[in-house]
Amino acid sequence: MPSRSKKILSPIPSIPNDEKNITDLIRQSQTIFSSSNQNDIKSLCEQLIDILIISSSTDPPNTSLRKCVVKGFSHLPESQYENVLDECTKRLEEFFKRQGKEHRLEYISMLNYLIENFPFGLVCILKIKDTICNQLITIGQELWSDIQSTNVPHHRFNLFQQLQYYLKVIVFLLPKVHDELEQDNIISRIIHQMLNDENTVTLEIRLTCSLVWHLLKDNEQLSPHEKLNQMKKVTCVIMSRLALYFGLIKTTMTNQLLDTNFFVQLLEEVLAFKTCDATIMVGVSKALETYSEALTSSWRNLHTASLENIIQKLLTFAWDHFSYNVETVRHCSANIYSNAFKISMNHCDIRQSIIDSQLTLLKQLPWQKDGCSLAYHTLLDYLSVSDIIKWNSKLAESCLMAMNDRGLASEASYLYCVLCHKHREEEKSIDKWKQIWLKPVIDALDTSTPLHRFLIAEYILPKILKGHPEYLQELKEITINPRTLIVCTRIGRTLGLCPNIFSSNPFIEHDLIRQGITSEDEQICLDCLFILCENPKTTEYISQIEFELIKYFLQMNIDNGSTSFRNQVLSLLKKHFIRIKDSWLLCARQKLKKTDQDFDDLTERYRNYLKWLINWSCSNLYLEGSYSQRHLSISILHWLIHLHGNQGIETICQKLKLYTFIELIYKNSMEYLFNCLWDTYEDIRQYSLDIIIKLNVSFYFFHK
């Protein structure tokens, strides 16, 4: 490993290293690069290259400095590249001439950055290709030697990361500097050793090594069939042989290749590697994924019968491995299926036969089977929903029934809603569409089990209403079930589709809310409170009927012993308190501007409600009451103070000469709070103490 002292003592250019100085330098770059002063331009380029060198001299590289360099050079016109190239190259050559293992990661990092991000990085590299190639050959020898000599897992892991990074640079540079990189065949020997290593080298390294092997000058000149025969002699290691097929596909299968027999032979030989070994199957799936990607640009050159045979084999492999126990194989199988299906849909002669075969297969399988959902989504890009429903008339029903399972709910709802929205675009008869997609949802909400209703409400309803908000009113017209109406209203409230629910033309009758508050179903009770408390527009004034219904909810549910229920109630009440604060502050600010006529009525309504809430909470703090009563009440007081006892409200109250919320609580609750200091439950005692302290501190500063 590189020693720290060598790192510190290695020569690094001296530049302004203060963050502000670098920022100023980058800011000046636009002015300097747009000027005609060549000396200033060259000087600035040298400083930017020095910053780039410093950014590569840290482990990991300093990305912030690199971004500064990119931003600085972005102001340099292309016409100036030639003028500054020599100065930049000279600085970089000094950097690459440094010797020692401790610098190899810096070199690899710098080369990768110059290739991918620097505006004229490749030109700089080619100007000093001899120096760089010599360093790359040395680095390759050192890395492979270090990997062979260490058995420490984390050391080997770090070395493999460096090797992968190194090989990536080699793959890019090899076609451009064949002679320099292949001198003495050192890189060629290293690649052969890696490919013939049975146990040490990982699959990812083998795959990249295979690319290097195919790009070597001697191999690059071979025809595809000659490469295919030559690479079989390179190694007997199965993983490396498979990797060489990956490299052959990557470097050979282009739209210029017209040999149908080669495509067929290549696929058959890759499929011949299929085995029970998971590691080999990862390699097979990666090779076939690359094959299917390459086929998307070259399928037009193939005979129809051969192409159909290839497509069928790729689809069969995908179906066989959708449920494989390795994630990489499943992911590659999904991509193979999508690519193969896309190719077949673009070929008019085989399109219909592939569609029929896939629909026939899907009709025999439940949509929950691995791969079926992907197949339906892929088919939807090329077929109408009506055609799919003709083949599988129970698809919508099966998706809806799958909502009984939490594990399937997300996928089932997504497929159901995609089908629903696309069918809406196709179907001219809205009534027919409603019967297929909306009516079953409402029927399930009316009659199904609590879990089924809950999952439909949480997953399907929001997706339908988000795509078609106008259907909220139509859902209301389909059913008369109070529970379903409350659920639909809650979802609409969440999406902001029904503000002012108790206006002159109410979306839902308040008697229905009152009825739901006393429901035996806790979720319906919470839905009613949600409707009252949730509002995306927190500055909307709260009506008297909303206050009355919240009072009724608290009175009817104060004794609920469920911790989960109580926590959800408190969470909703917090939103309610925020709305009280925000709506009153808006009204008060308008009053200060002499523009609001409702301020007195609003303040009186809010004050009466808060006074009732404080008194009601205090009345439930007596020690003989239940824990749920005391906990809910003390929590309400705590959140009232937390949300309303702030400087903004007190400042406005002082300007308007009004009592604050703090004073209201202080005058009505201190006696009860002191009694709670002797409560048997520690959390209630702690809440009480916190409230007393906050009240006294706030009251003192307000009247100071």
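Being a predicted model, the structure only gives us computed values, none of them experimental. The figures here come from the full heavy-atom set of this structure, side chains too, leaving out hydrogens, waters and symmetry mates.
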Polar contact flag, side-chain donor to acceptor under 3.5 angstrom, Arg579-Tyr541: no
I'd like to know whether NZ of Lys463 has more than 12 heavy-atom contacts from other residues, nucleotides or ligands below 6.0 angstrom. yes
Distance only, no hydrogens: is a donor on one side chain within 3.5 Å (strictly under) of an acceptor on the other, for Asn335 and Ser338? no
Report the relative orientation of the aromatic rings in Phe547 and His576; use parallel for angles under 30°, tilted for 30 to 60°, perpendicular for over 60°. perpendicular
Do you see a donor-acceptor pair shorter than 3.5 Å between the side chains of Asp527 and Gln523? yes
Test Asp601 against Arg605 for salt bridge (Lys or Arg N to Asp or Glu O under 4.0 Å), laying out the working first. CA-CA 6 Å; Asp601 292 340; Arg605 183 165 73 246; over 6 Å; no
Polar side chain donor-acceptor pair, Asp356 to Gln352, under 3.5 angstrom: yes
Specify whether Trp319 and Phe322 have parallel, tilted or perpendicular ring planes, treating 30° as the upper limit for parallel and 60° as the lower limit for perpendicular. perpendicular
Carefully, step by step, assess Tyr414 and Ser373 under the rule side chain to side chain donor-acceptor pair (under 3.5 Å). CA-CA 10 Å; Tyr414 181 65; Ser373 179; over 6 Å; no
Would Lys551 and Glu548 count as a salt bridge (Lys or Arg N to Asp or Glu O under 4.0 Å) here? Give the steps. CA-CA 5 Å; Lys551 289 180 187 180; Glu548 293 300 328; 3.6 Å; yes
Does a side chain donor of either Asp559 or Ser628 reach within less than 3.5 Å of an acceptor in the other side chain? no
Verdict with supporting geometry, Arg490 and Glu458, salt bridge (Lys or Arg N to Asp or Glu O under 4.0 Å): CA-CA 10 Å; Arg490 173 176 68 83; Glu458 293 302 313; 2.8 Å; yes
Going by distance alone, is a donor N or O of one side chain under 3.5 Å from an acceptor N or O of the other, for Ser543 and Glu546? yes
Test item: side-chain donor near acceptor, Asn339 and Thr296, under 3.5 Å: no
Please work out which of the three classes, parallel, tilted or perpendicular, describes the rings of His423 and Trp437, given edges at 30° and 60°. perpendicular
Check whether any side-chain N or O of His452 sits under 3.5 Å from a backbone N or O of Leu400 as a donor-acceptor pair, and report yes or no. yes
Classify the side-chain pair Glu308/Gln312 by whether it contains a donor and acceptor separated by less than 3.5 Å. no
Tyr337 and Phe341 aromatic ring geometry - parallel, tilted or perpendicular at 30°/60° bounds: parallel
